[in-house]
Amino acid sequence: MVTKEWIIQGQRWLLLSLCDGNHGHLAADYVVEELPERIRRRLETLIQESLGGFLDCVNVEEADPAVRSMLREVVLELDGALANAVRDICPNPQDLTEDEARSLANEHRNVIQRNSTIAISTTDDTGKRRAERLLNAHSFEDARENVRFSLYHPSAEMKNGLIRDKRLFGWLLTSHTIGNHHLKMDKAYVHHFFQYVNMSKRGLKPSNLDKVVLSPPYLTAEPSIRFVDLKPMWDKDLYVVLFSDGVDHIVNRPTVLGQRQSGARNGTADPVNVVSALLSDFADPDVECILGHQVQPRWNGPRGNVALDVLGNLLGGMDATKLNMATTRPAGGGHLDDTTIMVARFAKHRDPGFFIGVAPPTNAPAPQP
């Protein structure tokens, strides 16, 4: 998670970022360390050298293409730096023996091993909260993403189950990542190097890579970028919300650590709408039906952390049994995915409030409303 405030040419800038790792934290850690400062430097240069020293409502539409291009380049360059690090370690993978490949992979594990949602929530004239997802999820659950993906890979490979259960190889849900170069780089790296890297205890086994990775790259670091003018919304109790896909799992997979939630409704509820409703001062009966339990507005207290309000109500609300299940791992229990929520509240004539909620570790005491 990243929250950064910058002063550039006398203007105040805010960066919020949530990086959700894939079967590990190293890539997310790398992005947190590297990406914010890269964006700040490039943004400062762009404003000074190309935008006349300022970027605001006067020139923002004119500057939009340049800012989009800059952000895209920064993300792709960061991902490319990881690939280049692998090439520096191993410039000619086809020349390695298995023992050499294993030794090299073990020596440089930290270099080799490196899906979230952003939305806004406002109130309408009746006081009811309304939500908008700002970017589509980069997921194989998205039909448009599947169509795009199928254009780049042989039909025979697609027919043989390249996408199974809406996941790449039946394993990976997301289609856009920074890192995961064992699914991006040339087959020579897959067949002679990556298959000897112990990258994860879960998911696609490295020893199987040379058998299934036939037409890389399967993933891309291409970002989705959208400009949204928040100024017209500042009178509507505006929140900007970021959350990891653990929230999606809680909303639409009614289990907590392998235990079915009694009363929860299976379906395809949009987690954005659920999270937005949980920011309200009033309980929404539809949301309670989706989650299968009663929610308590301001779960963490009237002046508490609103991200924890959302998280507490997602995990169990007023149901102490569910809260306990979410914070302890019973024998034979299932997996609670990483669940992180960031909330920034904006209003006129006040500093924004920043709130972060993270699902507590298993075996921790259950939080109390």
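A salt bridge is defined here as a Lys NZ or Arg NE, NH1 or NH2 lying under 4.0 Å from an Asp or Glu carboxylate O, and D142 with R144 meets this definition. Between R129 and D284 there is no salt bridge, since no side-chain N of the basic residue sits under 4.0 Å from a carboxylate O of the acidic one. Salt bridge annotation for E34-R40: absent, with no cationic side-chain nitrogen under 4.0 angstrom from a carboxylate oxygen. Between E73 and R42, at least one side-chain nitrogen of the basic residue sits less than 4.0 Å from a carboxylate oxygen of the acidic one, meeting the salt-bridge criterion.
No side-chain donor-acceptor contact under 3.5 Å links W299 to the backbone of V310. The backbone N or O of T340 sits less than 3.5 Å from a side-chain atom of S244, completing a donor-acceptor pair. A distance-only check finds no donor-acceptor pair linking the side chain of R298 to the backbone of P302 [under 3.5 Å]. Put simply, the side chain of K184 gets close to the backbone of G179: a donor and an acceptor are under 3.5 Å apart. Within the 3.5 Å criterion, the main-chain N or O of D99 finds no donor-acceptor partner in the side chain of S103. With hydrogens and angles disregarded, no donor-acceptor distance shorter than 3.5 Å links the side chain of Q296 to the backbone of G317. Checking side-chain atoms of D165 against main-chain N and O of R167 turns up no donor-acceptor pair under 3.5 Å. Proximity of a side-chain donor or acceptor of D124 to a complementary backbone N or O of T126 within less than 3.5 Å is detected. Here the side chain of E100 pairs a donor or acceptor atom with the backbone of T97 at under 3.5 angstrom. Remark: side-chain polar atoms of S150 are paired, donor with acceptor, to backbone N or O of V147 under 3.5 angstrom.
Taking the six-membered ring where tryptophan is involved, the planes of F193 and Y189 are perpendicular, since the angle between them exceeds 60° and thus also 30°. Aromatic ring orientation, Y218 versus H153: parallel (interplanar angle below 30°, classes split at 30° and 60°).
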Worked check of side-chain contact (heavy atoms from CB on, under 4.5 Å) between K128 and T123: CA-CA 5 Å; K128 185 177 178 64; T123 55; over 6 Å; no
Residues N59, L55; criterion side-chain contact (heavy atoms from CB on, under 4.5 Å); working and verdict: CA-CA 6 Å; N59 65 342; L55 176 60; 3.7 Å; yes
side-chain contact (heavy atoms from CB on, under 4.5 Å) assessment of S121 paired with L238: CA-CA 6 Å; S121 173; L238 170 65; over 6 Å; no
side-chain contact (heavy atoms from CB on, under 4.5 Å) between C90 and L96, worked out: CA-CA 9 Å; C90 180; L96 295 175; 3.4 Å; yes
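One finds the NE2 atom of H181 at 10.5 Å from the CG atom of L183 (value rounded to the nearest 0.5 Å). Here CE of M233 is found 11.5 Å from CZ of F346. Values are rounded to the nearest 0.5 Å. Taken to the nearest 0.5 Å, the CZ atom of R72 stands 4.0 Å off from the CD atom of E222. Atom CG of L311 is separated from atom OG1 of T339 by 7.0 Å, given to the nearest 0.5 angstrom. To the nearest 0.5 Å, atoms CG (N300) and CG (N305) are separated by 6.0 Å.
Here the shortest heavy-atom pairing between T177 and T174 reads CG2-CG2, 3.4 Å. Contact detail for R68 and I225: the closest heavy-atom pair is NH1-O, 2.8 Å. Summarising the geometry of P271 relative to A269, their closest heavy-atom pair is CD-O, 3.1 Å, with the distance given to 0.1 Å. Closest heavy-atom contact between K322 and L291: NZ-O, 3.5 Å. Heavy atoms only, all atoms of each residue included: V213 and K187 are closest at O-CD, 3.9 Å. The two residues P36 and W6 make their nearest non-hydrogen contact at O-CZ2, 3.4 Å.
Applying the under-4.5 Å side-chain rule to Ile, Leu, Val, Met, Phe, Trp and Tyr, the cluster around L151 extends to Y152.
Looking at H192 and E98, their side chains never bring a donor and an acceptor atom within 3.5 Å of each other.
With a 4.5 Å cut-off on side-chain heavy atoms, D309 and L279 do not count as touching. N313 has its side chain out of reach of V287: every pair of non-hydrogen atoms, C-beta onward, lies at least 4.5 Å apart. Considering only heavy atoms from C-beta on, Y30 stays 4.5 Å or farther from V32 through its side chain. Side chains of I7 and R12 form a contact here, defined as non-hydrogen atoms less than 4.5 Å apart.
Side-chain rings of F149 and F140 approach one another, their centers coming within less than 6.0 Å.
No chain of hydrophobic side-chain contacts below 4.5 Å, direct or via other Ile, Leu, Val, Met, Phe, Trp or Tyr residues, connects F54 to I8. Note: the hydrophobic cluster containing W13 also contains V67 (ILVMFWY, side chain heavy atoms under 4.5 Å, direct or indirect links).
Checked options V241, V2, T3; the residue passing with M342 is T3 (criterion: side chain to side chain contact (heavy atoms under 4.5 Å, CB included)).
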